[in-house]
Visitor: 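Input: one structure, supplied below.
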Amino acid sequence: MSESSKPSAFETVNRLFNQAADLLGLSETKRIELTTPYRELMVRLPLLTEQGEVRVFRGYRVQHDNSRGPMKGGIRFHPDADLDEVRALASLMTWKTAVVNLPYGGAKGGIQCNPRELSELDLERLTRRFAQRMEGFIGPREDIPGPDMGTNARVMAWMMDEYSKFHGYSPGVVTGKPLELGGSEGRVSATGRGLFFAVERIAPDIGMELNGARVAVQGFGNVGYWAARFLSDAGCKVVAVSDVEGTLRCADGLDIEALREVAEQKGSVIHYDGADCERLHRDELIASDCDILVPAALGGTIHAGNAGSIRARLIAEGANHPTTPEADGILIERGITVLPDIYANAGGVTVSYFEWVQNLQQQRWDAERVDRELREVMHEAFDALNTAAEEFDVDLRTAAFVVAIRRVAEAARLRGLH
Ligand code: NAD
């Protein structure tokens with residue numbers, strides 16, 4: 001436990017790891033081997049800004065495990081990015097890539113900065129400086145960064161360009177690139193689409209008819225919008241959506257494309273003008289009367305204080321760790337099914353993997369192929385989770401860790417202790 005009584009983000013992930021490790025009877029030695037990060041890099045990044053001021057930023061890359069292949073994980077530009085958070089997210093990537101059976105390990109990185117406060121040129125210089133510091137440690141067969149909070153295709157293009165100066169043209173060093181530089185069709189919508197495939201797969205098992213099912217979505221960014229869009233296309237009725245400014249509730253259902261236009265033009269979903277719509281505080285979304293709840297904003301939004309008010313039968317976690325461990329216990333007790341983050345939001349890393357495969361083979365897949373292969377990955381992973389859940393009589397989150405740990409532990413055993 002860290003100095004304060006609140007467990008650190010890394011300790012929280014390891015708590016989930018240990019629950020599953022107990023079921024598998026994993027030895028203490030094995031637990032230490034599987035939870036200890038492979039490499040942790042911290043760099044200082046001096047930047048001479050356009051304003052002529054010198055600022056020094058901190059950058060991180062934690063490479064957690066490479067037993068199953070090169071390590072994979074995003075880079076976030078965020079004021080709160082610190083070593084503990086990056087370490088926790090790196091370990092989650094190890095388990096996430098294993099759940100969906102990609103030939104990858106896990107990593108994560110970040111620069112502690114507020115990208116909104118930096119000019120485009122400063123952002124480019126900072127990204128290039130970071131890539132210079134990292135170039136000896138990343139690579140298409142070593143560690144493949146991708147976009148995350150505060151970064152995008154533009155940032156990935158700079159990373160790729162800078163790395164290529166040292167190693168020759170290397171599109172496979174990062175994913176989430178612009179299409180023109182070897183990005184993949186379907187990458188932008190991949191997390192929302194993967195989440196939809198997960199919901200589509202579980203619905204018959206829990207006796208839920210998607211046509212007409214009522215959905216509430218927390219957060220209307222990349223994940224929230226695409227999840228809402230695909231669920232709506234499948235006949236679901238999206239009855240509530242929230243963003244940082246508030247909740248919009250509309251019992252008759254929302255037109256997702258019209259909502260997107262309003263959010264883009266006016267800055268928030270709450271400006272949508274529907275006859276029977278009500279506007280509420282953003283935190284009220286969680287208790288919406290619905291069948292499916294999709295948290296797609298921040299971590300920790302489902303907690304002990306609101307888990308009891310949830311009316312959905314199914315929660316599909318688009319965000320990373322939206323549910324606290326205490327809330328998890330309440331949801332299990334209440335019989336609410338949860339599609340856990342390390343499975344439900346793995347569509348993004350899966351299509352990143354498709355991008356890397358296309359780069360290595362110098363091929364291009366069309367959008368139909370990307371969607372078909374993604375559906376297959378998500379459905380197969382669900383079957384593995386379901387089997388583990390039945391075998392150990394546990395919830396799907398614990399089952400996901402069981403599946404992941406088994407795969408990583410076996411790969412590590414076969415490669416030998418190194
Ligand atoms: P984004 O920045 O595009 O969107 C975030 C949305 O959440 C915005 O609409 C914002 O207004 C809203 N929001 C912020 N605080 C809120 C609050 N307190 N209540 C309600 N809404 C709030 O981010 P994104 O890329 O959609 O990512 C969302 C989550 O999904 C994050 O947890 C991210 O780590 C996770 N995730 C994203 C991807 C991906 O491919 N983008 C993949 C896996 C996981």
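Counting starts at 1 for both ligands and their atoms, following the listed order. Heads up: numbering here begins at 1 and tracks the sequence.
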Visitor: Just heavy atoms, cut-off under 4.0 Å: does Ser268 contact ligand 1 by side chain, backbone, both, or neither?
Guide: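 No part of Ser268 comes within reach of ligand 1.
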
Visitor: Yes or no, since that's all I need: does a protein heavy atom fall within a distance strictly under 4.0 Å of atom 23 (O) of ligand 1?
Guide: no

Visitor: Check the angle between the aromatic planes of Phe196 and Phe230 and answer parallel, tilted or perpendicular using the 30° and 60° thresholds.
Guide: tilted

Visitor: Under 4.0 Å between a side-chain nitrogen and a carboxylate oxygen: does that hold for Arg61 and Glu142?
Guide: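 Glu142 and Arg61: not salt-bridged.
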
Visitor: My understanding is that only residues two or more places apart in sequence, or in another chain, count here; which of them pass salt bridge (charged side-chain N to carboxylate O under 4.0 Å, His left out) with Glu264?
Guide: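 Listed in chain order: Arg260.
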
Visitor: So, is Phe220 polar-close to ligand 1, with some N/O to N/O distance under 3.5 Å?
Guide: yes

Visitor: Measure from atom 3 (O) of ligand 1 to every heavy atom in Val217, Asn345, Asn222, Leu89 and give the option owning the shortest one.
Guide: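 Comparing heavy atoms across Val217, Asn345, Asn222, Leu89, the nearest one to atom 3 (O) of ligand 1 lies in Asn222.
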
Visitor: Given the ring of Trp226, does Arg229 sit roughly above its face, with NZ or CZ under 6.0 Å from the centre of the six-membered ring and within 45° of the axis?
Guide: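 Cation-pi check for Arg229 and Trp226: fails.
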
Visitor: Who's the nearest protein heavy-atom neighbour of atom 36 (N) of ligand 1, and how far?
Guide: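 For atom 36 (N) of ligand 1, the nearest protein heavy atom is Gly318 O, 3.8 Å.
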
Visitor: Looking only at protein heavy atoms, which one is nearest to atom 34 (O) of ligand 1, and what is the separation?
Guide: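 Result: Asn320 ND2, 3.1 Å.
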
Visitor: Does Gly348 reach ligand 1 with a nitrogen or oxygen that is under 3.5 Å from one of the ligand's nitrogen or oxygen atoms?
Guide: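 Among all N and O atoms of Gly348, none is under 3.5 Å from an N or O of ligand 1.
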
Visitor: Can you find a non-hydrogen atom of Ala319 under 4.0 Å from ligand 1?
Guide: yes

Visitor: Does ligand 1 come near enough to Val244 that some N or O of the ligand is less than 3.5 Å from an N or O of the residue?
Guide: yes

Visitor: Could you tell me whether Trp356 and Tyr104 have their ring centroids closer than 6.0 angstrom?
Guide: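 So the answer is yes for these two rings.
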
Visitor: Taking only heavy atoms of Leu298 into account, list the atoms of ligand 1 that are under 4.0 Å away from them.
Guide: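 The atoms of ligand 1 under 4.0 Å from a heavy atom of Leu298 are 15 (N).
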
Visitor: What residues, two or more places apart in sequence or in another chain, satisfy side-chain hydrogen bond (donor to acceptor under 3.5 Å, both in side chains) together with Arg31?
Guide: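 Here the qualifying residues are Asn18, Asp22.
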
Visitor: Where do Met71 and His64 come nearest, in terms of heavy atoms and distance?
Guide: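 Shortest heavy-atom contact: SD-N, 4.0 Å.
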
Visitor: Select one of side chain, backbone, both or neither to describe which atoms of Thr191 lie under 4.0 Å from any atom of ligand 1, heavy atoms only.
Guide: side chain

